[in-house]
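These values consider heavy atoms only, across backbone and side chains, with no hydrogens, waters or symmetry-generated copies.
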Amino acid sequence: MTGDSTTTSSVDVEKTGRLPMIVAERVCKNFGALEVLKGVSLEVGRGEVLCLIGPSGSGKSTFLRCINHLEQVNAGRLYVDGELVGYQEKNGKLYELHPREAARQRREIGMVFQHFNLFPHRTALENVIEAPTQVKRVRKADAVTRAKELLDRVGLAEKANAYPAQLSGGQQQRVAIARALAMDPKLMLFDEPTSALDPELVGEVLSVMRELAKSGMTMVVVTHEMGFAREVADELVFMDGGVVVERGNPREVLANPQHERTKSFLSHLL
């Protein structure tokens with residue numbers, strides 16, 4: 001990417017001390033005539049956890065997918081680590097990056113989906129080493145060593161040779177987290193990582209995510225787990241209709257929401 005492509009945002013770096021990990025400036029996303037994001041502006045500091053909540057169709061997952069350019073924005077700008085995501089800017093105009101450059105950016109952003117998307121014909125270990133060996137060209141022996149460390153970190157050291165069908169949903173999701181971490185991302189995105197799990201399996205996944213947050217990983221989490229948001233998040237953002245309706249300290253927002261739409265939404269969850 002050229003020097004033009006790393007133009008930083010208008011955020012006041014002097015005030016914050018250093019550049020935030022994520023800066024979204026008036027991000028808009030349309031699917032045909034449907035406006036899904038209508039000018040979303042957010043910042044996420046390094047090492048912080050941002051939780052996004054809101055009803056289905058509010059734009060949470062779409063915004064998450066825009067951060068790693070799985071979806072192209074129609075207007076606005078998104079920066080990760082000071083670098084414009086998916087585009088380069090020249091003379092005030094944006095030009096989409098070559099797919100190879102976009103893929104390079106995406107490699108530095110881990111993403112865990114609602115459904116685990118593991119390769120069913122590969123063991124847990126093989127799932128974790130796939131991207132480092134194929135994308136980053138890491139030596140297989142080194143990738144295996146790292147994968148074993150990560151599987152141990154998520155509490156699955158003894159399941160390294162198990163296939164997805166032999167694992168519970170919670171175990172599969174923990175393998176998916178280990179797989180994302182194997183690429184050594186600077187940022188982790190979680191798109192409702194527990195919503196497909198049986199209730200008794202949710203805790204084991206949230207436990208791994210708590211430990212990840214404690215380690216200093218910057219995280220953006222789309223979730224309906226209000227207890228997790230209250231305990232772990234640095235900021236809670238409520239979205240509805242493609243806009244940020246309310247944001248603030250998770251405990252304050254959950255205990256005393258200021259917007260009627262937020263109150264209505266939380267009344268069905270808490």
Passing option when R77 is tested against E89, E25, E83 for salt bridge (charged side-chain N to carboxylate O under 4.0 Å, His left out):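 One option only clears the test, and that one is E89.
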
Please step through side chain to side chain contact (heavy atoms under 4.5 Å, CB included) for the pair V138 and R146, ending with a clear verdict. CA-CA 10 Å; V138 174; R146 174 66 170 151; over 6 Å; no

Any side-chain heavy atom of [X] sitting closer than 4.5 Å to one from [Y]?
| X | Y | value |
| --- | --- | --- |
| V73 | F63 | no |
| M188 | T218 | no |
| K214 | M217 | no |
| V221 | L50 | no |
| R247 | V253 | no |
| H224 | I53 | no |
| V144 | K140 | yes |
| T223 | E192 | no |

In terms of hydrophobic clusters joined by side-chain contacts under 4.5 Å, are [X] and [Y] together?
| X | Y | value |
| --- | --- | --- |
| I109 | V27 | yes |
| L206 | V154 | yes |
| L52 | F190 | no |
| L189 | L70 | yes |
| V205 | L156 | yes |

For R179, which of L150, L151, L118, V112 qualifies under side-chain contact (heavy atoms from CB on, under 4.5 Å)?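 For R179, the side-chain contact (heavy atoms from CB on, under 4.5 Å) test succeeds with only one of L150, L151, L118, V112, which is L118.
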
Sidechain-backbone polar pair: [X] side chain, [Y] backbone, donor-acceptor under 3.5 Å:
| X | Y | answer |
| --- | --- | --- |
| Q105 | L84 | yes |
| N117 | H115 | yes |
| E246 | Q258 | yes |
| D152 | A157 | no |
| N30 | G32 | no |
| Q171 | S168 | yes |
| T62 | G59 | no |
| N68 | R106 | no |
| E108 | L187 | no |
| N127 | F119 | yes |

Rounded distance [0.5 Å steps], [atom1] in [X] versus [atom2] in [Y]:
| X | Y | atom1 | atom2 | answer |
| --- | --- | --- | --- | --- |
| L37 | K60 | CG | NZ | 11.0 Å |
| E126 | I129 | CD | CD1 | 6.5 Å |
| I177 | Q172 | CD1 | CD | 12.5 Å |
| M111 | I67 | CE | CD1 | 8.5 Å |
| L269 | S264 | CG | OG | 10.0 Å |
| M239 | T262 | CE | OG1 | 12.5 Å |

Ring centres under 6.0 angstrom apart (F265, F238):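 Yes: the rings meet the under 6.0 Å criterion.
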
Does the separation of the ring centres of Y163 and H121 fall below 6.0 angstrom?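 Distance test on ring centres: not under 6.0 Å, no.
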
Decide side chain to side chain contact (heavy atoms under 4.5 Å, CB included) for V243 and V40; before the verdict, give the C-alpha distance in whole Å, the side-chain angles of both, and the deciding distance to 0.1 Å. CA-CA 6 Å; V243 300; V40 174; 5.7 Å; no

Is the shortest distance from a Lys or Arg side-chain nitrogen in [X] or [Y] to a carboxylate oxygen in the other one below 4.0 Å?
| X | Y | answer |
| --- | --- | --- |
| E101 | R104 | yes |
| D81 | R46 | yes |
| R174 | E204 | yes |

For [X] and [Y], work out which heavy atoms get closest and say how close.
| X | Y | answer |
| --- | --- | --- |
| L212 | S215 | O-OG, 2.6 Å |
| L19 | G82 | CD2-CA, 3.0 Å |
| A162 | L167 | CB-CD2, 3.8 Å |
| L125 | A147 | CD1-CB, 3.5 Å |
| A124 | V175 | CB-CG2, 3.9 Å |
| A229 | L236 | CB-CD1, 3.9 Å |

Ring-face cation of K29 near F31 (centre distance under 6.0 Å, axis angle within 45°):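 Because its charged atom sits under 6.0 Å from the ring centre and within 45° of the axis, K29 does stack over F31.
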
If you measure only the distance, is there a donor-acceptor pair under 3.5 Å linking the side chains of E96 and Q72?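 Note: E96 and Q72 side chains meet the donor-acceptor criterion.
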
Between the side chains of S61 and D191, is a donor N or O closer than 3.5 angstrom to an acceptor N or O?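 Side chains of S61 and D191: pair found under 3.5 Å.
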
Please test M21 against E48 for side chain to side chain contact (heavy atoms under 4.5 Å, CB included), starting from the C-alpha separation and ending with a verdict. CA-CA 9 Å; M21 179 60 77; E48 291 186 350; over 6 Å; no

Would you please test R65 and F113 for side chain to side chain contact (heavy atoms under 4.5 Å, CB included) and show each step? CA-CA 10 Å; R65 292 171 65 86; F113 298 88; 3.9 Å; yes

